[in-house]
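Worksheet: one structure, shown below.
Start at 1 and go down the list; that is how both ligands and their atoms are numbered.
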Amino acid sequence: MSRWTLERTLKPHEYIGMVRREVLDAFLRERASENGAKVINGLFLKMDIPTRGNENVKTPYVLHYTEYDGKKGGTGEKKTLEVDAVIGADGANSRVAKSIDAGDYEYAIAFQERIKIPNDKMVYYEDLAEMYVGDDVSPDFYGWVFPKCDHVAVGTGTVTHKGDIKKFQAATRNRARDKILGGKIIRVEAHPIPEHPRPRRVLGRVALVGDAAGYVTKCSGEGIYFAAKSGRMCAEAIVEGSENGKKMVDESDLRKYLEKWDKTYWPTYKVLDVLQKVFYRSNPAREAFVEMCADEYVQKMTFDSYLYKKVAPGNPLEDLKLAVNTIGSLVRASALRREMEKLSV
Ligand SMILES: Cc1cc2nc3c(=O)[nH]c(=O)nc-3n(C[C@H](O)[C@H](O)[C@H](O)COP(=O)(O)OP(=O)(O)OC[C@H]3O[C@@H](n4cnc5c(N)ncnc54)[C@H](O)[C@@H]3O)c2cc1C
């Protein structure tokens with residue numbers, strides 16, 4: 001089994017950030033509040049959508065939600081709120097998406113255990129994240145150990161064999177066993193991860209962003225950046241379309257966000273989709289993938305694409321060399337024939 005550390009091409013100021021969502025989410029909420037947003041601790045239930053006739057006169061959307069006052073055990077209070085526009089940022093099981101009949105997506109299940117490991121073992125993960133590939137950890141994705149400041153997250157995901165997720169998780173834990181020995185599980189998390197955008201992402205004055213829209217990249221399973229970025233792009237489209245709140249927006253204003261999003265990120269999604277199809281489907285193909293990662297040019301292209309979120313423009317000569325090396329790797333791992341057969345089905 002091959003193993004590579006991918007950091008050779010990183011410049012001193014470049015890094016891959018790891019976050020604890022409970023810390024990041026609280027930070028974002030507080031920052032929004034400090035900048036004038038009214039934060040409500042509530043559970044959105046449904047919304048009344050203006051009828052077509054009413055839409056022309058820009059009747060408000062009515063949101064129904066349960067507000068919680070923060071007291072423990074509180075059952076909450078049913079309330080309504082009238083709004084001009086709605087940005088559905090409510091994740092993979094989005095009720096806003098259901099309200100506008102946005103359609104479904106194929107999804108993966110991701111499973112993760114947050115494990116507090118002894119301090120001397122944590123030193124190893126201080127500046128390092130691990131990814132494992134192989135049929136044991138996932139038939140179509142990867143297993144990981146990501147550092148989370150004072151503990152690690154050990155997890156895996158799959159689209160094709162969701163019922164076996166616990167078996168894959170045990171294998172991932174097993175791969176890391178010496179390094180997490182003596183660890184204590186402090187939290188278990190499992191959640192769907194969208195595989196592609198929903199058929200509909202905008203209707204009237206309602207737009208979906210983040211996982212609600214289906215913006216997780218294949219191959220890496222990255223969704224946090226894209227959730228934040230799509231939220232920002234959508235908000236900017238509303239600010240611009242409403243001329244800073246002076247006039248009501250309409251669907252065409254929200255569609256500008258979609259156009260910008262698709263233009264900016266469609267190539268990244270497509271490239272990662274193809275990479276996943278070629279390299280994540282069998283152990284020989286994964287071996288080829290790991291072998292290729294030894295190449296400095298591959299590392300540079302991978303990190304540039306990851307860090308700057310665009311399909312990095314390459315050097316034609318190096319691209320040619322990469323193509324030849326890729327084919328060499330695949331042939332060596334006897335994966336090419338089988339993968340081509342799968343792709344042509
Ligand atoms: C185990 C696991 C590991 C992952 N690891 C990574 C990783 O390493 N890097 C990465 O980039 N991505 C990762 N992802 C994907 C990433 O978590 C998501 O893509 C990202 O969180 C999407 O952000 P979001 O704000 O759109 O949705 P979410 O983070 O799901 O946030 C949705 C929010 O809406 C709230 N909400 C939902 N329904 C309602 C309702 N009815 N009323 C009110 N509020 C509601 C939720 O409470 C939540 O706060 C991982 C996912 C999983 C499951």
Task: Residue contacts for ligand 1, heavy atom to ligand atom, distance under 4.0 Å - done: Arg21, Gly42, Leu43, Phe44, Ala89, Asp90, Gly91, Arg95, Ala110, Gln112, Trp144, Phe146, His191, Ile193, Gly210, Asp211, Val216, Gly221, Glu222, Gly223, Ile224, Ala227
Is there a donor-acceptor contact under 3.5 Å linking the side chains of [X] and [Y]?
X      : Y      : result
Tyr142 : Glu130 : no
Arg175 : Tyr132 : no
Tyr215 : Glu222 : no

- [ ] Mind jotting down which residue pairs meet the ring pair (Phe, Tyr, Trp, His ring centres under 6.0 Å) criterion with at least one end in residues 177-197? Sequence neighbours excluded, please.
- [x] none
TODO: Tell me, please, which residues at least two apart from Asp135 pass salt bridge (charged side-chain N to carboxylate O under 4.0 Å, His left out).
DONE: Arg286
Open item on the list: Going by side-chain hydrogen bond (donor to acceptor under 3.5 Å, both in side chains), name the pairs with one or both residues in residues 85-99, residues two or more places apart or in two chains.
Closed with: Asp90-Ser94
